[in-house]
There are 2 protein chains.
Amino acid sequence: MLAEERFAKITEIVEQKKSVTVLELTQLLGTSESTIRRDLTALHKMNRLIKVHGGATAIEMDYATKDADFAVRKDMNVEEKKVIAKYAADLVKNNDFVYLDAGSSTDYMVDCLEERDAVYVTNAISHAQKLIRRGFKVYLLGGPIKKSTEAIIGVEALKSLEKYNFTKGFFGTNGVDIKHGFTTPDNAEALIKKQAMEQCHEAYVLADSSKIGQISSVKFAEFEDAVAITVSLHDDTMKKYNNIVEVNEK
Amino acid sequence: MLAEERFAKITEIVEQKKSVTVLELTQLLGTSESTIRRDLTALHKMNRLIKVHGGATAIEMDYATKDADFAVRKDMNVEEKKVIAKYAADLVKNNDFVYLDAGSSTDYMVDCLEERDAVYVTNAISHAQKLIRRGFKVYLLGGPIKKSTEAIIGVEALKSLEKYNFTKGFFGTNGVDIKHGFTTPDNAEALIKKQAMEQCHEAYVLADSSKIGQISSVKFAEFEDAVAITVSLHDDTMKKYNNIVEVNEK
DNA sequence: GACTGAAAATGATTGACTATGACCGAAAAT
DNA sequence: ATTTTCGGTCATAGTCAATCATTTTCAGTC
């Protein structure tokens, strides 16, 4: 049986049953545990199901978030981002006043957040929506919306940021480089990131491995201005810096 | 049984019964007390229920949300609302600067909008999202989000409204009454509606038949401050007013 | 078309890890 | 004061990822 055939069958079974164990799958597909496990790992990385201890469950989305998630689906380095996001989410503690930047990395972070007694400020429409639905306290910045990222930008947002003093801030980035700092392709968004970061007591940048060493067009912070959270680096050039956290890839 | 399966079952039971004891759950799921306790702790952390001594209770909806659920209300008088929304949408012309209030009536209006050279300002997250996805220019007000309606409220939004001068504004309402004007159950939202309407050159209120003659707790405008758009009235008491438009059903 | 070596997929094995249920002293409710 | 519930600990059973041997696949060669 072809791998893709199994993938299709497993996906179908999971969609239909909502959850399934490894043992069940071995019986239904007449193949070994090892293979099923490998398949589940692969499908999980492809975001076609959620691998859990003992088996897998379907990806269920609360219907309003469906199309928003579609864009995120064909995202790169999903697994890495989720690990980084989990680590970042655990940094939020009781009574924190948190800034959440727009972007896919911070989106995964929203899914992991547990702290309900914190207050969140964001410029991302989808984040605000997810957060409010999960019962968190949320402030949204005001201003024009950028179509491609559905993030609030503009002078008004910059102005309102000035009055906040965040205990922690979490940012996405397109490039991390020791010399060129944190960079992103859009100037309007860079301005927001820069301003927001200045208002943060602790600033964290979520950077999966594809961002390391990259340089994009607009700098929003120096490398030493924030703590970079990334997965284990194979490159040693950054190891000597103490503002970089390496999360172990689960 | 997979942990997620148990989570789902427990959540369902709690939702349905509103409260449940640990003992009941051990019997219903045929598992040990320890496991149930661990599950409840996990689910509590996930915000899927509230763990209490002896068991768990469902997450109760915001009491202020008593003005009927967004989802439920959206389904009332759908056909009427759509007709009204279509009429309202056609009022938007090239170069208009439009304020769009939160609510289900204006939501249907978003679906009907055709004018792309207008600029829209709204306090509703979902409207902003729909509009931007349809390629319109959108400004979102900033501030805290009200959970039940997912609308921006608060002083910040009021402040930023002051500087706008809308050519047209479209509002939802809970009650229309000649003597008591336009009313709505939530004070914070009433303030926003009031301020926004003051900035409008032309203000329209979308009111399906269930709203006519109703009086809710907070007034946000006098009856003569806006043009009410409704379906054909069978009651003649309002006919003499010239600020009421009756759209023919269908 | 058959042979061959490299690459990929599979299944078995294993030590490490995780979830579970029983137990028990502490905490809370009555 | 008594009973119930709680949360931590522990042994056990179940599950996992990594490794390795075997089989399958496939391109290149004769």
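Just so we're on the same page: letters track the sequence lines, and every chain starts at 1.
- Under a 4.0 Å N-O distance rule, the pair B:K130/B:D107 qualifies as a salt bridge.
- Note that CG of A:L49 is 8.5 Å distant from CD of A:E15, once rounded to the nearest 0.5 Å.
- The side chain of A:R38 places no N or O atom within less than 4.0 Å of a non-bridging phosphate oxygen (OP1 or OP2) of D:dA17.
- Computed from coordinates, the A:F7 CZ to C:dA9 C1' distance equals 11 Å when rounded to whole Å.
- Residues A:H53 and B:V52 both approach DNA chain D. Their nearest nucleotides, taken by heavy-atom distance, put B:V52 toward the 5′ side.
- Contact annotation: B:K51 reaches the phosphate of D:dG7 (side-chain N/O to OP1 or OP2, under 4.0 Å).
- Atom-to-atom, CG of B:L40 to P of D:dT5 comes out at 13 Å; the value is rounded to the nearest Å.
- At a cut-off of 3.5 Å, with distance as the only test, no side-chain donor of B:Q16 or B:E12 sits close to an acceptor on the other residue.
- Atom CD in A:E24 sits roughly 16 Å away from atom P in D:dG14 (whole-Å rounding).
- Taking atom CG of A:L29 as the reference point, atom P of C:dT10 lies 11 Å away to the nearest angstrom.
- When distances are taken from the side chain of A:T41 to each of D:dT15, D:dA17, D:dC6, the shortest belongs to D:dA17.
- Using a 4.0 Å cut-off, no side-chain N or O of A:S32 falls inside it from OP1 or OP2 of C:dA12.
- If you take CE of B:M1 and P of D:dG14, they are 16 Å apart, rounded to a whole angstrom.
- For A:S34 and C:dG11, the shortest distance from a side-chain N or O to OP1 or OP2 is not below 4.0 Å.
- Contact between the side-chain N/O atoms of A:R6 and the OP1/OP2 oxygens of C:dA9 is not found at any separation under 4.0 Å.
- Put simply, CZ on B:R37 is 13 Å from P on C:dG21, counting in whole angstrom units.
- Here B:T31 lies in heavy-atom contact (under 4.0 Å) with sugar-phosphate atoms only.
- Checked against D:dA17, C:dG21, C:dG11, the side chain of A:T35 finds its nearest nucleotide in C:dG11.
- Taking the centre and axis of the six-membered ring of A:F220, the NZ or CZ atom of A:K193 falls inside the cone set by 45° and 6.0 Å.
- Side-chain contact annotation: B:T21 with B:E24, donor-acceptor N/O pair under 3.5 Å present.
- Rounded to a whole Å, the CD atom of A:E33 is 16 Å from the C1' atom of D:dT19.
- Following rounding to the nearest Å, B:D39 (CG) and D:dC6 (C1') show an atom-to-atom distance of 15 Å.
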